[in-house]
2 protein chains.
Amino acid sequence: MTGSQLTPRARYREQTRAEIKEIALRQLAEGGTAAVALTRIAKEVGLSGPALYRYFDSRDALLTDLIRDAYADLAAAVGEAAGALPPGTAPRARLQALAAACRDWAAAQPHRYLLIEGTPVPGYSAPPDTLESARAVLGPFLPAFAQGAPTAAVRPVVEQMTAWAAGDEAVARWARAHVPAGAEGTALAGGVLAWTHLHGAIGLEAAGQFTGMGHDGGTLLTAQFDVLADTFGLD
Amino acid sequence: MTGSQLTPRARYREQTRAEIKEIALRQLAEGGTAAVALTRIAKEVGLSGPALYRYFDSRDALLTDLIRDAYADLAAAVGEAAGALPPGTAPRARLQALAAACRDWAAAQPHRYLLIEGTPVPGYSAPPDTLESARAVLGPFLPAFAQGAPTAAVRPVVEQMTAWAAGDEAVARWARAHVPAGAEGTALAGGVLAWTHLHGAIGLEAAGQFTGMGHDGGTLLTAQFDVLADTFGLD
DNA sequence: CGCGACAGTTATAGACTGTAACTAAATCAA
DNA sequence: TTGATTTAGTTACAGTCTATAACTGTCGCG
């Protein structure tokens with residue numbers, strides 16, 4: 001576990017940080033981002049107001065940490081789902097499994113999902129490791145598209161993605177970590193489409209916009225990824 | 001215009017309300033929802049703090065009003081786009097035109113779009129006229145799907161939607177206002193899928209998650225709706 | 001013309017973020 | 001072991017914000 005072989009002080013510090021985050025998550029679940037208040041957290045921890053600033057620079061820093069955690073957690077869930085697949089799993093089944101993993105994660109803790117996809121302030125900070133986490137989430141989807149033969153409808157996207165990979169070395173490297181050379185454009189296009197589908201279906205569901213409608217998010221997401229698999233000609 | 005034949009007092013009142021909302025929108029655009037502060041609005045209008053409560057019951061009421069406006073505005077944009085289509089427009093072209101109208105609207109004022117799709121608090125209020133507005137936005141999409149022959153991938157969704165329409169009279173009426181009887185399930189399925197696609201593509205773009213990627217949202221959305229049209233076998 | 005509704009005011013309470021200045025305790029080096 | 005230093009924690013305070021209360025003019029209708 002984390003925290004072993006640390007100086008006792010550091011260990012205690014980490015423990016307190018964890019406790020703070022735990023309470024913050026509860027407040028988040030109860031009342032959304034706006035309900036996360038340092039003063040109330042402090043009271044609950046048994047500390048007095050300003051003491052929390054020893055553990056987090058600001059309220060924003062705390063929220064950023066929660067976002068980071070959530071992203072990493074989601075990425076882990078997807079990675080785990082990918083790892084659990086038998087070696088020869090067909091691309092379509094792979095997509096469905098990964099998509100379901102995303103949805104399950106989000107459905108189990110909507111507030112954390114909303115935190116991830118949540119509206120940044122117009123002057124967006126965009127922490128750079130978020131980008132990395134997004135890639136970690138999306139990466140396992142890429143191999144499923146490697147052998148794809150996209151229909152005409154999505155070909156413009158494939159072209160733009162090919163150009164993107166050609167121009168951005170980091171992206172190209174990332175893509176090539178998941179698919180053989182030459183398939184970058186297709187894989188990235190699949191990835192972006194998968195991302196958009198996930199965001200659309202899961203986001204609406206997490207925000208509760210589907211309540212009262214006669215369907216569950218699972219059916220919708222499955223259908224979307226089935227269509228996506230069809231579009232890329234996957235088995 | 002609104003405000004004619006009102007008592008002068010009511011007219012003045014409406015004017016002040018409009019001015020307040022205008023400033024609120026500017027604050028929203030500059031710093032997100034969190035930046036909308038009644039006190040600062042009051043200062044800018046030339047009023048003193050509590051006076052604003054004569055015009056809006058609370059900060060939340062103001063934001064709700066902004067949401068309502070934005071929704072209505074978007075619905076109007078879509079409706080206008082639908083009205084501008086030549087009578088015999090093919091379903092696919094209709095979908096593309098309406099989707100583009102949505103995207104254009106959102107791209108021109110991302111903060112307002114984010115306000116609409118924005119994270120509600122976990123104890124969601126869900127103002128009932130929002131539902132109506134959502135239907136107004138989505139309604140014009142429905143006729144395009146009326147003659148669709150969906151592929152196997154989305155058939156589960158069609159079935160759930162058919163069942164929904166069968167169980168919910170209001171929904172059935174709404175659907176039948178746009179498509180002939182018997183096509184409700186298909187149309188509703190198309191509508192939900194369109195909604196999800198719009199939310200996915202536009203939402204990510206409005207939140208700035210596509211910045212730095214080598215594609216523009218338009219290409220992506222067009223591709224998605226082309227695929228959707230393919231899926232429903234539309235011309 | 002007079003009275004009631006309404007716009008607006010100041011004062012105030014309460015929640016929250018964040019800083020400053022200070023105290024006590026734990027850690028570490030010599 | 002001791003003494004300096006870092007670190008956890010404190011209280012006090014400034015500032016912003018929402019919201020209510022109590023009060024004062026003023027508009028406009030009957």
Side-chain angles (χ1 to χ4, degrees), chain A residues 3-28 30-67 115 120-123 125, chain B residues 3-28 30-67 115 120-123 125:
Chain A
S4 292
Q5 100 171 32
L6 258 62
T7 148
R9 217 170 201 172
R11 182 152 63 237
Y12 178 71
R13 181 182 176 77
E14 281 315 307
Q15 185 184 320
T16 307
R17 276 178 68 99
E19 193 180 349
I20 291 170
K21 287 207 240 177
E22 192 188 315
I23 297 172
L25 275 180
R26 201 166 63 237
Q27 292 185 346
L28 180 72
E30 279 164 11
T33 319
V36 177
L38 294 191
T39 59
R40 260 177 314 128
I41 294 177
K43 204 160 294 178
E44 204 165 331
V45 176
L47 289 177
S48 212
L52 282 212
Y53 287 84
R54 295 273 172 209
Y55 296 92
F56 293 93
D57 283 352
S58 67
R59 193 188 105 106
D60 251 37
L62 171 58
L63 286 177
T64 301
D65 234 60
L66 293 184
I67 293 176
L115 190 64
V121 287
S125 47
Chain B
S4 293
Q5 98 172 34
L6 257 61
T7 149
R9 221 168 199 174
R11 182 149 66 238
Y12 178 71
R13 181 182 177 78
E14 281 314 306
Q15 185 184 320
T16 306
R17 276 178 69 98
E19 192 179 350
I20 291 171
K21 289 207 239 176
E22 191 188 315
I23 297 173
L25 276 179
R26 202 166 61 238
Q27 293 185 345
L28 181 71
E30 280 164 10
T33 319
V36 178
L38 294 190
T39 61
R40 260 177 313 127
I41 294 178
K43 204 160 292 178
E44 203 166 331
V45 176
L47 289 176
S48 213
L52 282 212
Y53 288 83
R54 296 273 171 207
Y55 297 93
F56 293 93
D57 283 351
S58 66
R59 192 188 105 107
D60 251 37
L62 171 57
L63 286 177
T64 301
D65 234 61
L66 294 184
I67 292 176
L115 191 62
V121 286
S125 45

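Proteins get letters first, then strands, A, B, ... in listed order; numbering begins at 1 in each. Bear in mind that the values here come from a model prediction, so they are computed numbers and not experimental data.
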Item to complete: Quick one: list whatever passes side chain to side chain donor-acceptor pair (under 3.5 Å) with D65(A), sequence neighbours left out.
Response: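 D65(A) satisfies side chain to side chain donor-acceptor pair (under 3.5 Å) with R17(A), K21(A) only.
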Worksheet item: Which residues pass the side chain to side chain donor-acceptor pair (under 3.5 Å) test with R54(B), sequence neighbours left out?
Response: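 Testing R54(B) for side chain to side chain donor-acceptor pair (under 3.5 Å), a comparison that skips the adjacent residues, returns none.
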Item to complete: Identify whether any heavy atom of F56(A) sits under 4.0 Å from a base atom; if not, whether one sits that close to sugar-phosphate; answer base, sugar-phosphate or nothing.
Response: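 The answer is nothing, as F56(A) stays clear of every strand by at least 4.0 Å.
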Item to complete: Under 4.0 Å between any heavy atoms, over every strand shown, what does V45(A) touch: base, sugar-phosphate, or nothing? Just pick one.
Response: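 Nothing, no heavy atom under 4.0 Å.
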Worksheet item: With respect to the side chain of R13(A), which nucleotide from dA8(D), dT18(D), dG8(C) is positioned closest?
Response: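 That would be dA8(D).
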Fill in: Side chain of A37(B) - closest among dA7(C), dT18(D), dT17(C)
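From the listed options, dT18(D) comes nearest.
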For [X], which residues count as a side chain to side chain contact (heavy atoms under 4.5 Å, CB included) partner, sequence neighbours excluded?
X: Y53(A); value: L38(A)
X: A18(B); value: none
X: A61(B); value: D57(B), S58(B)

Discussion item. Return whichever of L47(A) or T39(B) has its heavy-atom-nearest nucleotide of DNA chain D closer to the 5' end.
Written reply: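 Its nucleotide being nearer the 5' end, the pick is L47(A).
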To the nearest Å, how far apart are [X] [atom1] and [N] [atom2]?
X: K43(A); N: dT17(C); atom1: NZ; atom2: P; value: 11 Å
X: Y12(A); N: dA8(D); atom1: OH; atom2: P; value: 9 Å
X: L52(B); N: dA7(C); atom1: CG; atom2: P; value: 12 Å
X: I20(A); N: dT17(C); atom1: CD1; atom2: P; value: 13 Å
X: L62(B); N: dT18(D); atom1: CG; atom2: C1'; value: 13 Å

Worksheet entry | Letter per nucleotide, 5' to 3', of nucleotides 19-30 of chain D [B base touched, S only sugar-phosphate touched, - untouched; heavy atoms, 4.0 Å] | BB-----BBSS-
Fill in: Donor-acceptor contact below 3.5 Å, side chain E30(B) vs main chain A35(B)
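Here the side-chain-to-backbone pair does not exist.
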